[in-house]
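Take a look at the structure below.
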There are 2 protein chains.
Amino acid sequence: MIEVLIADDHTLFAEGVSQALAAIPDLHVAGTASGGMELVEMAKKTRADVLLIDLEMPDLSGFEVLEKLKGSLPAIIVTMHADAHRRSQAVEAGARGFLSKSTPLPELAAAVRAVSAGENLTSLTTTLREILDNYMEPTLDPGAASLTARERELLTLLGEGVSATEELAERLYISPKTVKNHLASIYEKLSISDRTQAAVEAIRLGLVPNR
Amino acid sequence: MIEVLIADDHTLFAEGVSQALAAIPDLHVAGTASGGMELVEMAKKTRADVLLIDLEMPDLSGFEVLEKLKGSLPAIIVTMHADAHRRSQAVEAGARGFLSKSTPLPELAAAVRAVSAGENLTSLTTTLREILDNYMEPTLDPGAASLTARERELLTLLGEGVSATEELAERLYISPKTVKNHLASIYEKLSISDRTQAAVEAIRLGLVPNR
DNA sequence: AGGGAAATAGGCCGCTCGACCTATAGTAAA
DNA sequence: TTTACTATAGGTCGAGCGGCCTATTTCCCT
């Protein structure tokens with residue numbers, strides 16, 4: 001069982017990731033922190049194997065947390081803005097991994113396992129994918145697995161850019177009301193709240209062909 | 001936005017490169033110098049991220065400029081005569097990159113981004129191409145080319161699943177009204193009509209990193 | 001000096017979206 | 001057969017979205 005600590009000032013995100021990771025058998029969330037300071041404290045008190053740290057935090061940024069911990073615990077930086085500049089900064093600060101917040105959950109899980117096993121995901125000698133593949137579990141995306149066939153159809157259309165209720169209804173030969181019902185169901189299962197996020201998910205889940 | 005300073009005694013070349021770089025959304029030319037002395041002056045006064053320096057200049061050669069700046073700013077040497085001898089001299093003088101004047105513009109842009117991000121293009125451990133590929137701008141679609149830097153930022157966020165006006169505003173440190181203005185502009189330029197389609201486009205255009 | 005583009009901010013309005021709820025028919029499993 | 005789940009359809013309602021305007025400031029280019 002790998003113990004994970006999560007730090008993100010966006011509480012909803014931290015909670016979400018926590019929930020998602022909790023659903024993975026070999027991972028356990030030891031705690032979540034809403035800021036850098038809190039994380040540093042928790043890291044001392046809790047027996048953790050890997051840290052997931054948001055870069056953008058008001059009190060202590062991800063970089064500063066890395067400085068404070070001085071590599072006592074392996075850490076993966078998770079950020080909204082995964083650009084090359086932040087990446088190299090993170091690497092220099094001692095991060096063992098650098099991931100975007102849009103990273104698919106299985107990849108995040110794989111990254112946690114890899115780092116916990118001593119891998120360094122920031123070294124450029126090997127492709128990130130090559131390493132992660134070794135730690136990939138054939139874990140289905142929790143939400144996507146529970147989607148019904150019809151919901152998947154709808155989600156696929158969204159991922160293709162069909163966004164208007166009326167058009168979705170026509171494509172599926174159903175009433176606009178039914179479209180909205182299916183959408184609501186999708187939102188709940190995937191823990192999202194609108195079509196835009198649904199479209200992003202559709203693509204991320206690989207539902208959209210021809211890409 | 002990466003600020004670039006250009007130095008070349010061939011004013012036409014300096015101007016040309018300046019024009020060309022100005023057309024690239026994430027790069028901005030902070031100024032052009034027609035000689036080494038002038039560049040050193042500008043480097044002090046201007047807030048620049050990367051220097052592009054011609055080797056052959058009448059007053060101060062590229063090497064001498066590097067000596068004077070002593071690595072205070074990362075610099076890429078650009079020369080008519082890219083031979084091994086000059087290369088090793090440049091490396092010893094502290095250049096972070098060494099390119100021929102016949103380098104294609106996209107590669108030059110990639111090199112600027114790479115150096116700005118802290119890469120050293122002169123180390124022989126990795127192929128230059130391997131590094132540059134990571135900084136290559138995704139070839140942009142006709143519509144996307146007309147997007148401004150700010151619009152692109154917004155679009156990228158959408159592609160990451162950030163859909164609420166309020167949250168987009170917070171992420172960009174602007175008013176929700178301005179977010180809607182940018183969105184309207186994006187819709188028009190890409191011939192789309194809502195955020196969902198915008199998110200799909202963002203991903204299709206490769207604006208969303210790490211996938 | 002003057003013109004244009006970009007980024008910022010705001011107002012107004014109609015309509016759609018998403019949340020919550022009920023309801024029926026069909027199907028598959030218990 | 002009863003119990004679930006799915007697909008279908010409908011209603012209401014408030015908040016948010018997109019369309020269309022104006023306006024200011026700051027640049028850059030001419």
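All chains are named by letter (A, B, ...) in the order of the sequence lines, taking the proteins before the strands, and each is independently numbered beginning at 1.
- Among the candidates A:I6, A:D8, A:L5, the single residue satisfying the side chain to side chain contact (heavy atoms under 4.5 Å, CB included) test with A:T32 is A:I6.
- Phosphate proximity of D:dG18 to B:S193: absent, as no side-chain N or O sits under 4.0 Å from OP1 or OP2.
- The residue B:S175 sits close only to the backbone: its heavy atoms come under 4.0 Å of sugar-phosphate atoms, none of a base.
- Within 6.0 Å of CD on A:E188 lie no more than 12 heavy atoms contributed by other residues, nucleotides or ligands.
- Residue B:T178 places at least one side-chain N or O under 4.0 Å from the OP1 or OP2 atom of C:dA9.
- Applying the 6.0 Å contact sphere to CE of A:M37 captures no more than 12 heavy atoms from other residues, nucleotides or ligands.
- Distances shown here put a side-chain N or O of A:T148 below 4.0 Å from the OP1 or OP2 atom of D:dA7.
- Contact annotation for A:S185: no contact, since no heavy-atom pair falls under 4.0 Å across all strands.
- Note: B:L157 CG to B:R152 CZ = 14.0 Å, rounded to the nearest 0.5 Å.
- For a distance-only test at 3.5 Å, the side chain of B:N181 fails to qualify as a donor-acceptor partner of the base of C:dA7.
- Neither OP1 nor OP2 of C:dA19 sits under 4.0 Å from any side-chain N or O of A:Y187.
- The residue from B:V40, B:L69, B:V4 that alone fulfils the side chain to side chain contact (heavy atoms under 4.5 Å, CB included) condition with B:L51 is B:L69.
- In this structure, B:R150 reaches the C:dT8 phosphate: one of its side-chain N or O atoms is under 4.0 Å from OP1 or OP2.
- Look at A:R204 and B:E160 and you find no salt bridge, because none of the NZ, NE, NH1 or NH2 atoms lies under 4.0 Å from a carboxylate O.
- A:Y173 places its OH atom 14 Å from the P atom of D:dA9, with the value rounded to the nearest Å.
- Direction of the helix axis in the helix from C:dA1-D:dT30 to C:dA30-D:dT1 shifts by 50° between the two five-pair termini, rounded to 10°.
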